[in-house]
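Down below is the structure, laid out as structure tokens.
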Amino acid sequence: MTIASGASGSNGKPLADDAPKGHEEGFASDALLQVGTDAADETFDISGSFDNHGVLDADAMETTLVAGDLFNEGQAVYNDMTVVNGGSSVNEGYEKGDILTVEGGASHSNTGVSIWNGMTIADGASGSNGKPLADDAPKGHEEGFASDSAVQIGSAETGGVFEIGGSFDNHGILDASEVEATEVAGDLFNEGRAEYDDMNVIGGGSSINEGFERGDILTVSDGSTHENTGVSIWNNIKITEGSSGSNGTTLAEDAPKGHEEGFATDSIVQVGTDAADEVFEIAGSYDNHGRLDAADIETTDVAGDLYNEGQAIYDDMDIADGGSSVNEGYERGDILTVSDGGT
């Protein structure tokens, strides 16, 4: 099936405003479109527009190619999907597939349920899950947060990839916990709830968390950044030389600091689970303006620059030659060791 530029195709009738969509209980449709037979050289190319309001089965197609506009509010199953420059894929229902690739100049947005074994958002491309939260709406770490927008990436059977070379914004529920390492070379923003295994922020990329995030190993390298103003929970954190991490926003000059009465913050970073070999390594810079709990890390290693004006709890801390730890708030731990050349 080919929908040429300027042409349109559709499956089913547009759903009424109060009708269940493809990801919601009660959805039903007699409109069924099946594309492909698993034979070689078959195509499902959308250069114009295609709207799915019913049930779309393109699983037999090796790749669904979207150069135009694809809209789904029903149920859609694919093998691979590639959205190319100028193309857009909008899911408001249920979609499932193997590999989703969004190339530069293209976009993919989800406000329903989107399930993929792998997802690549290339440089210059954008992806999103959910609608931006209103200013007064609870975020992912706050009581009352709720979202029907869910993206699931990877599976226990296949693993999978989640590569962000462009931008990806999560306002809903993101589960990438089956992906061995989420790679962020572009810009990742989360104000919802996000679960990972490992995350590598590389190549000048940035990861900003204003909601809830949790994972195993967070590594920030190559001049990249990680910022938290929500709740960020990791078994390990590594901030390499030239990179930076932060918790909370810089306190105003007249605001109470971590050791002073009246100090308050919603920004929390928790590192470690008391398991063996977990690390909190700071070779770049790390600024804490909120609450930092590294008490379950046997030794926090500081070879770069650590600054605290909030509240910080450690087990041991080793400051290496050339490293510095500056405390203007509250800190507590077991053994502090400052090596020659450290401060």
Side-chain angles (χ1 to χ4, degrees), residues 15 17 19-27 52 70-78 81 83 88-97 100-102 106-121 125-155 160-164 166-179 182-184 186-197 199 206-215 218 226-234 266 268:
L15 301 176
D17 289 342
K21 296 191 177 185
H23 63 299
E24 296 174 321
E25 186 176 356
F27 171 79
N52 178 53
L70 171 61
F71 172 76
N72 173 54
E73 64 176 354
Q75 295 181 347
V77 179
Y78 310 96
M81 180 191 292
V83 190
S88 72
S89 172
V90 175
N91 178 58
E92 294 184 1
Y94 174 91
E95 67 178 4
K96 183 179 182 180
L100 170 63
T101 303
V102 185
S107 64
H108 179 273
S109 63
N110 172 67
T111 53
V113 171
S114 183
I115 301 173
W116 299 89
N117 291 331
M119 184 181 293
T120 297
I121 309 294
S126 65
S128 64
N129 178 40
K131 296 179 180 179
L133 300 176
D135 290 342
D136 59 350
K139 296 191 177 184
H141 63 299
E142 296 174 321
E143 187 176 355
F145 171 78
S147 178
D148 294 325
S149 303
V151 168
Q152 180 181 318
I153 307 171
S155 69
V161 297
F162 186 21
E163 298 173 344
I164 303 169
S167 65
F168 190 91
D169 292 350
N170 179 53
H171 313 286
I173 297 171
L174 169 64
D175 184 354
S177 59
E178 297 293 351
V179 176
T182 294
E183 303 279 346
V184 183
D187 301 306
L188 171 61
F189 172 76
N190 173 53
E191 63 176 354
R193 294 183 69 88
E195 300 274 353
Y196 310 97
D197 186 356
M199 180 189 292
S206 72
S207 173
I208 297 175
N209 178 57
E210 295 184 1
F212 175 91
E213 67 177 4
R214 181 169 56 194
L218 170 64
H226 180 273
E227 301 173 14
N228 174 67
T229 54
V231 172
S232 183
I233 301 172
W234 298 89
D266 292 325
I268 298 171

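Source: prediction; values computed, not measured.
A side-chain donor from one of Ser114 and Glu95 sits under 3.5 Å from a side-chain acceptor of the other.
Taking 4.5 Å as the limit, every side-chain heavy atom of Tyr78 sits out of range of all side-chain heavy atoms of Leu100. Considering only heavy atoms from C-beta on, Glu163 stays 4.5 Å or farther from Ile121 through its side chain. For the pair His171 and Asp169, the minimum side-chain heavy-atom distance is below 4.5 Å. Inter-residue side-chain proximity for Met81 and Ser89 is flagged as met; some heavy-atom pair is nearer than 4.5 Å. At least one side-chain heavy atom of Phe212 sits under 4.5 Å from a side-chain heavy atom of Glu195. The side-chain heavy atoms of Val161 and Asn117, taken from C-beta on, include no pair separated by under 4.5 Å. In this structure, the side chains of Ile268 and Asp266 stay at 4.5 Å or more apart for every pair of heavy atoms.
Sequence neighbours left out, the pairs with a member in residues 138-151 that pass side chain to side chain donor-acceptor pair (under 3.5 Å) are Lys139-Glu210.
Rounded to the nearest 0.5 Å, atoms CD (Glu178) and CG (Asp175) are 7.0 Å apart. From Ile208, atom CD1 reaches atom CG of Leu188 across 8.5 Å, with rounding to the nearest 0.5 Å. To the nearest 0.5 angstrom, Gln152 atom CD is 10.5 Å from Met119 atom CE. Taken from CD1 in Ile164 to OG1 in Thr120, the straight-line distance is 10.0 Å, to the nearest 0.5 Å. From Asn91, atom CG reaches atom CG of Asn129 across 9.5 Å, with rounding to the nearest 0.5 Å. In this structure, OG1 in Thr229 is found 7.0 Å from CG in Asn209, a value given to the nearest 0.5 Å.
For Asp197, there are no side chain to side chain donor-acceptor pair (under 3.5 Å) partners at least two apart in sequence or on another chain.
Taking both residues in full, the closest heavy atoms of Phe145 and Arg193 are given as CE2-CG, 3.8 Å, listed atom of the first, atom of the second, then distance. Nearest heavy-atom pair across Asn110 and His108 is CB-CE1, 4.3 Å. The minimum heavy-atom distance between Ser88 and Val83, with the atom names listed, is N-CG1, 3.8 Å. In this structure, Glu73 and Leu15 approach most closely via the heavy-atom pair OE2-N, 2.9 Å.
For Phe162 and Tyr196, the distance between ring centers is not under 6.0 angstrom.
Judged by distance alone, with hydrogens and angles left aside, the side-chain atoms of Asp187 form no donor-acceptor pair with the main-chain N or O of Ser207 at under 3.5 Å.
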Let's go through Phe168 and Leu174 carefully: what are the C-alpha distance in whole Å and the side-chain angles of both, what is the deciding distance for side-chain contact (heavy atoms from CB on, under 4.5 Å) to 0.1 Å, and is it a yes or a no?
CA-CA 11 Å; Phe168 190 91; Leu174 169 64; 4.3 Å; yes
Verdict with reasoning, Ile115 to Val113, per side-chain contact (heavy atoms from CB on, under 4.5 Å)
CA-CA 7 Å; Ile115 301 173; Val113 171; 4.0 Å; yes
Could you walk me through whether Asn228 and His226 pass the side-chain contact (heavy atoms from CB on, under 4.5 Å) check?
CA-CA 7 Å; Asn228 174 67; His226 180 273; 4.2 Å; yes
